[in-house]
Structures are given as structure tokens and as C-alpha cells.
Protein chains: 2
Amino acid sequence: MHSLIAIQQQLLPDLLVVMRKRYLILRQVMLSDMIGRRSLAASLEMTERVLRAETDFLKSQELLIIDAAGMRISEAGKRLLDEMEPFYKAMFGLSELEEKIRKHFGLKQVVIVSGDSDESPATGRELGRAGCSVLRKDMKANDVIAVTGGSTLAQVANQLTSQTPLRSNLFVPARGGLGESLDYQANTIASTMAKRTGAQYRMLHVPDHLGEEAYNSLMQEPNVREIVEVIREARIVVHGIGDAMVMARRRRVDAAVVEAMKAEGALAESFGYYFDRHGEVVHKMLTAGLRLEDIMETEVVIAIAGGRSKGEAIAAVMRFGHDDVLVTDEAAALEIAAIIEKESQ
Amino acid sequence: MHSLIAIQQQLLPDLLVVMRKRYLILRQVMLSDMIGRRSLAASLEMTERVLRAETDFLKSQELLIIDAAGMRISEAGKRLLDEMEPFYKAMFGLSELEEKIRKHFGLKQVVIVSGDSDESPATGRELGRAGCSVLRKDMKANDVIAVTGGSTLAQVANQLTSQTPLRSNLFVPARGGLGESLDYQANTIASTMAKRTGAQYRMLHVPDHLGEEAYNSLMQEPNVREIVEVIREARIVVHGIGDAMVMARRRRVDAAVVEAMKAEGALAESFGYYFDRHGEVVHKMLTAGLRLEDIMETEVVIAIAGGRSKGEAIAAVMRFGHDDVLVTDEAAALEIAAIIEKESQ
DNA sequence: TCAACGTGGACATAAAACGTCCCATATGAT
DNA sequence: ATCATATGGGACGTTTTATGTCCACGTTGA
């Protein structure tokens with residue numbers, strides 16, 4: 001059974017979307033006994049016209065009885081709902097989760113791949129693949145795309161492709177060097193993405209965290225200044241999310257600073273900033289890359305991160321509230337959902 | 001698993017059609033090793049443009065590899081075909097059958113509902129329902145529709161509906177009275193259909209088989225003559241198919257005639273005529289209703305019949321070669337397929 | 001080298017989906 | 001009995017998508 005669904009996902013990705021839509025309509029009609037088109041459209045958050053197309057179809061299948069008084073479910077419709085119940089969770093559990101998380105954080109889109117990146121590398125790859133689709137869909141001609149580092153972003157970079165060379169696009173690192181391994185550097189990832197898609201890329205050869213003096217003098221350099229300006233005007237930002245302490249350690253942040261951040265409740269790290277559980281930024285620092293105020297004005301901010309252990313961190317960054325799209329995996333999503341659940345009580 | 005397929009067939013029949021299309025493309029590509037768009041389109045009997053849309057999609061799913069040299073299937077594509085195999089028959093077995101029968105008899109359309117009308121009344125009703133859809137789709141304003149009698153046609157009549165009254169349509173019996181029970185008379189069925197759809201109807205109160213003298217004198221009657229002329233110009237004919245001997249007995253055909261027909265190999269009966277296995281008409285008779293030459297010129301001829309026992313008869317009438325659409329059930333279709341198979345050897 | 005066959009781009013046009021408004025009508029409260 | 005309200009369905013202009021048709025250009029194999 002499960003394998004059939006997997007096949008259909010590949011061969012007809014929107015099959016499940018349509019199926020869910022029709023299922024939800026049918027269910028809503030059943031719960032409402034008798035209901036009119038307009039109020040049904042409102043309660044399902046659909047426009048009247050597309051709902052109408054669907055109800056017309058359901059009527060033609062005799063799953064819905066629809067007359068001048070309104071519509072109600074037929075016997076065959078009830079039977080179908082019953083028979084479908086056992087499949088529902090397997091088929092649409094993730095969609096439900098997506099919708100829940102999307103709504104709670106006010107995101108434009110949430111994509112969840114099944115599995116746990118912590119446990120299985122395959123899930124990590126899936127995550128990368130999903131990130132690619134999202135990115136591809138959001139990219140337009142002449143876009144500048146800023147990307148951060150990290151293993152997840154590296155997965156995205158290694159799977160990104162494009163049918164035709166995207167000569168007009170420009171990939172840039174969101175931040176300067178952060179003392180990570182070369183493969184996971186933002187610079188590396190930006191260049192990989194550009195090479196794989198036939199796009200342009202520019203590097204930012206500057207350490208990320210800078211003292212005021214160094215910052216000022218670097219920004220005097222015309223070539224640094226120019227690329228920094230390009231970065232700060234990126235239309236799309238793609239970033240990973242990490243655990244604050246893990247990242248701090250990996251980046252050899254000063255022990256005293258680490259302690260300070262810990263004291264302030266630092267939980268998550270993303271595009272060089274550290275966030276506490278409420279999405280507040282802990283420890284603002286001068287940077288040559290994207291600053292918070294740039295992020296806030298970026299048109300499309302895409303977060304990509306997965307693994308059960310990252311659930312909390314992801315939730316923290318989402319609470320920061322300037323992301324538009326979240327791509328994650330099932331394990332992390334379940335953690336996030338649990339956090340939402342807990343605090344809504 | 002099987003029940004999921006049943007659900008999907010109700011909830012998204014149109015998407016399953018797409019799924020099959022993509023599967024067949026993928027399979028054809030695999031069988032061809034490497035093939036170009038045009039020749040593939042030809043072998044699948046699709047236009048080049050729609051095939052292209054599909055192959056573009058399959059490429060985006062990475063199921064197909066497509067470069068300047070042509071296209072071939074990817075590893076993922078092969079895997080998908082393998083995994084899909086066990087589901088294929090359950091999902092599209094009937095579509096395959098439909099296509100096979102359609103091609104063999106050169107029909108415009110074949111519709112098969114699952115089950116065996118001989119065994120289950122529910123299948124009979126399904127058959128009627130399917131007949132309704134076909135008829136509805138083929139009907140246009142101002143059409144005259146001639147219908148025959150029989151229990152299957154009665155099923156159609158009892159389920160035919162129309163959203164809006166079809167005031168411009170006219171239902172007429174294809175033939176005169178044939179000595180069957182009232183419910184199954186063509187007259188009854190025509191009037192039922194008309195009443196249920198808000199259409200017009202006309203009756204033909206004349207015995208079907210007539211001697212030459214009676215025929216001539218009846219045709220002198222202006223009102224008989226008029227309706228007969230209308231019948232003979234029907235744009236659509238809907239007819240059932242029966243076993244020759246069963247029908248002959250039910251209609252109390254003269255024993256000597258029955259013997260004669262038997263000797264000539266009469267196998268099937270339809271719209272008052274008897275056919276042998278080759279679709280040749282046995283025993284032409286004068287009739288006030290539709291004659292063979294009328295049928296041959298009718299724009300849309302729809303045959304509706306099911307049940308394993310009728311498979312042979314249906315095949316015989318199809319061989320007659322003037323039907324456009326066949327609506328039948330699985331059991332009959334399997335019989336028909338077996339007959340096709342047997343003689344193609 | 002050349003001919004045949006391949007893909008992919010381009011574009012006009014047909015067809016479908018969609019948003020929006022309106023109307024006759026059924027329903028239920030008054 | 002009547003009236004306000006909500007209903008389905010028709011209509012229609014607009015936008016989006018699908019489709020037919022050509023053509024440019026690259027690859028391949030003779």
C-alpha cells in the first residue's frame with residue numbers, strides 16, 4: 001500500500017493534493033449535514049469557483065447530493081469516507097503537519113519530507129532535493145540568491161540542477177567565513193550551486209565576525225564593499241538552522257561569549273545569528289554579510305533544516321518570524337508540532 | 001491496497017488516466033532503449049505536443065533522461081516501472097481490455113464496468129449508470145434518440161437523469177412491439193427516459209414483424225408513417241444485445257423459424273435482428289422500425305450489454321460493425337477478449 | 001561530409017480554469 | 001402569509017494552460 005503511494009508521488013505529484021482536497025470537501029459536507037456552497041467555501045478557505053468545480057465533480061460521481069436546498073453527502077460518499085479513513089494518516093499526515101506549522105508561524109509554505117535526517121542520510125538527501133524544488137520554483141530571472149553554509153545546504157547544493165543555464169542568476173554567500181570546514185562554507189556552497197546551474201557567483205573572502213575597526217576598514221575596500229552590497233540586496237535567502245551550542249563550538253567562538261549566550265538562553269543558530277526560544281536574537285554582532293535588517297526585507301527567505309534534534313532550534317528561528325518557507329523532515333516537524341501544542345495549552 | 005485503488009477510481013478517475021498515460025510512455029521508452037519524440041508519439045498514438053508535455057514532466061521527475069540524442073529511461077524510472085507492475089493490472093486492467101476491444105472492432109469507445117451482471121444485480125445497475133454517462137455525453141440539442149427494449153436498457157432508463165430539462169430531445173422506440181413484458185418494451189423505455197430527462201417522446205404502436213401486406217397498409221397511415229420516418233432518422237441509437245435463442249423463445253417466434261435460424265447459426269439478437277458468429281444477419285425481416293440500412297447510417301450507435309453469458313453474442317454483434325460505442329461489464333469483456341484471442345491465432 | 005533524426009524554443013490559437021455577478025427559488029423564521 | 005436569507009446554477013469576461021505547428025540547431029552514423 002505504502003509503495004503505491006510512493007509511486008504515485010513520483011508519477012503524479014499532485015494526485016495526493018487533489019485527493020486530499022476532495023476528501024476534505026466530502027468530510028466537511030458530512031460534518032455539516034447540509035451546507036451551501038458559499039459557506040462551505042469559506043470554511044475550507046477556498047474560492048467559490050474552484051470549490052464549485054470540485055462539488056460538481058463529486059456530484060457527477062454521486063458522492064454528493066446537491067439540490068436547490070444545498071448539498072449533503074450521499075450514502076456512497078459516506079462509505080467512501082469510511083473506507084478511506086485507514087489510509088488518511090499515511091497519505092496526508094505530513095500535509096496536515098505542514099498546514100499546522102505553516103499556519104502557526106504564518107509562513108507561505110512548509111514542505112516536510114518523511115524520515116529523520118539524524119538517523120538516515122537518505123532523509124538528508126531527500127531534504128536537499130525538496131529544498132532544490134522549492135528554490136527552483138521561487139527563482140526568477142536576474143535574481144540574486146544568498147546562501148548560508150552547513151551540511152544541509154551542502155546537500156541542496158549538490159543536488160541542484162537546471163535544465164537550461166541560468167546565466168542571469170547570481171549566487172552569493174550570505175555571510176563571510178565562519179571557520180567551518182571548507183565543504184560547508186557559504187562560499188563553497190554558493191559556487192557549487194552556481195556551477196551546477198550555469199549561473200554566476202561571487203565570493204566574499206572576509207571573516208564573518210569583525211571588530212568595528214576591521215569592519216570599517218574592510219568596507220572601504222571597493223571590491224569588498226561592492227559584493228557586500230549585492231549580498232544585502234539578495235531577493236532570495238536560503239539558510240540552514242543549527243543548534244546554538246553545537247555551532248558555537250564548531251566555530252570556536254570564545255568560551256566567555258559562549259557562556260554569555262548560554263546565560264541568555266541561546267538555542268538556535270542561523271545565518272550567523274543566535275536565537276533564544278522566543279526567536280529573540282542573542283548577541284548581535286557586526287557582520288560583513290547579511291544583517292538582520294536585510295533579512296527582514298528579503299522577499300523570499302527559505303529555511304532548510306531537519307532531524308529530530310533540530311526541532312527546537314527550528315521552532316526558535318521560525319518564531320523570529322522573517323522566514324517565508326520552511327523545508328524540514330518528519331522528525332523535526334513532529335518536534336515542532338509538539339512545541340506548538342505544548343505552549344498553546 | 002486494492003481498496004485504495006477502488007477509492008481512487010471514485011475520487012479521481014481523471015488523474016488515474018494521466019497516471020496510466022505516463023506509465024505507458026515510460027514503459028515504451030524502456031522497451032525502445034533509446035527513442036525520439038516523434039517516433040514515440042507515433043507508436044503511442046499521441047500527438048507530438050502532448051507527448052512532449054509528458055516527457056518534459058517525466059524528465060523533471062528524473063524518470064527519463066533526455067538529451068540531444070533522444071530519450072532513454074533512467075534507473076529511477078526502471079525501478080518505478082518494476083514497483084508499479086503489481087498494481088498495474090488492478091488499476092488499469094479494465095482500461096487495457098477496453099482498448100483491446102475498441103481497437104479490434106474499430107469502435108470509437110468501449111466502457112467496461114467491473115463485475116458480472118449475470119451474478120450481481122449491482123453490476124447490472126453499474127452497467128446502466130455507465131450507459132447513462134455515455135448517452136449523456138453524446139446527446140446534443142434537438143437529437144432524436146432511438147432505444148430498444150430489454151432489461152439492460154430498462155436499467156439505463158431508470159437511472160437516466162438530467163440537470164436541466166432537455167426539451168429539445170426526442171426519445172423514440174427503435175422497433176415496434178416485440179411481445180416482451182411491458183417493462184422491457186422499447187416504447188416503455190423511450191417514455192421513461194423522456195420523462196426522467198424532461199424530453200419529448202413518441203410511441204410506435206405497431207407489432208414489429210409484419211407481413212408485406214400489413215406493412216404496406218400500415219405505412220399508408222399518416223401518423224404511423226410520420227413517426228416511422230422520425231425513428232429512421234434518429235441521430236443516436238441505443239440498443240441492448242441478447243442471446244438469439246433466448247430472445248426468440250421470449251418473443252414466441254414460430255418454432256419453424258427458430259429452427260431455421262438455428263441452422264443458420266443465429267447467435268445474437270439486437271434491435272430485432274438475429275446475427276451469426278460472424279456478424280452476418282440471419283433472416284432479414286420487414287419491420288416498421290429501424291432497418292439495417294438505417295443503423296448503418298446512424299451517427300452514434302451505442303450497444304449496452306453485460307454478463308458472462310452474453311460475451312459471445314456481443315462479439316457477434318460487434319463484428320456486424322456498425323456500432324460506435326460498447327458499454328459492457330468485466331465478465332462479458334473477458335469472454336470477448338478470449339474470442340478475439342482465439343481467432344487471432 | 002552529409003543526411004537524417006533528435007531536442008528545445010517560439011508563437012498563435014484553442015481550450016480550460018477561474019473570479020465575479022446575478023437570478024429564480026427554496027427554506028425557515030416571523 | 002410573508003419576508004429575509006442562503007441556495008444552486010447560469011453567464012461572462014479574463015487569465016492561465018494546453019495544444020498544434022514551425023523552425024533552428026546539435027548529434028549521430030553512414
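Chain letters run A, B, ... following the sequence lines, proteins first, then strands; residues in each count from 1. These numbers were taken from a predicted model, which means no experiment stands behind them.
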Nearest listed nucleotide, side chain of B:Ala68, among D:dG9, D:dT27, D:dT19: D:dT27
How many Å lie between NZ on B:Lys21 and C1' on D:dT19, as a whole number? 11 Å
NA contact type, A:Ile35, heavy-atom cut-off 4.0 Å: base, sugar-phosphate, or nothing? sugar-phosphate
Nearest to the side chain of A:Arg38, heavy atoms from C-beta on, is which of D:dG8, D:dT28, C:dG8? D:dG8
Kindly check if the number of other-residue, nucleotide or ligand heavy atoms within 6.0 Å of CD (A:Glu85) is above 12? no
State whether the number of non-hydrogen atoms from other residues, nucleotides or ligands found under 6.0 Å of A:Gln28 atom CD is greater than 12. yes
Establish, from distance only, whether the side-chain atoms of B:Gln8 and A:Gln8 form a donor-acceptor pair under 3.5 Å. yes
Take atom CE of A:Met34 and atom P of D:dG8, then tell me their distance rounded to the nearest Å. 9 Å
Nearest whole angstrom, please: distance from the C1' of D:dT17 to the CD of B:Glu54. 13 Å
Distance check: side-chain N/O of A:Lys59 vs OP1/OP2 of D:dG8, anything under 4.0 Å? no
Whole angstroms only, please: what is the CG-C1' distance between B:Asp14 and C:dA15? 16 Å
5'-most contact on DNA chain C: B:Asp67 or A:Arg49, nearest heavy atom basis? B:Asp67
Out of C:dA10, C:dG8, C:dC18, minimum distance to the side chain of A:Val50 belongs to C:dC18
Strictly below 4.0 Å: does B:Thr47 bring a side-chain N or O up to OP1 or OP2 of D:dT21? no
Which nucleotide in the list C:dG8, C:dT20, D:dG8 gets nearest to the side chain of A:Ile66? D:dG8
When you compare the side chain of B:Ile112 with that of B:Val110, does any pair of heavy atoms fall below 4.5 Å? yes
When you get a sec, tell me which of C:dG8, D:dG9, C:dG6 is the closest nucleotide to the side chain of A:Glu48? D:dG9
Ignoring hydrogens and geometry, is there a side-chain-to-backbone donor-acceptor pair from A:Arg20 to A:Met91 under 3.5 Å? no
Could you work out which one of D:dG8, D:dT28, D:dA11 sits closest to the side chain of A:Met71? D:dG8
Starting at atom CG of B:Leu64, determine the distance to atom P of C:dG8, rounded to an integer number of angstrom. 10 Å
Starting from P on D:dG20, measure out to CE on B:Met46 and report it in whole angstrom. 11 Å
Between CG of A:Leu51 and C1' of D:dT7 the distance, given in whole Å, is 13 Å
B:Arg72 CZ to C:dG6 P, straight-line distance once rounded to whole Å: 15 Å
May I ask you to verify if any side-chain N or O of A:Ser39 is less than 4.0 angstrom from the OP1 or OP2 atom of D:dT7? yes
Give a yes or no on whether a donor-acceptor pair under 3.5 Å exists between the nucleobase atoms of C:dG19, that is its base, and the side chain of A:Arg52. no
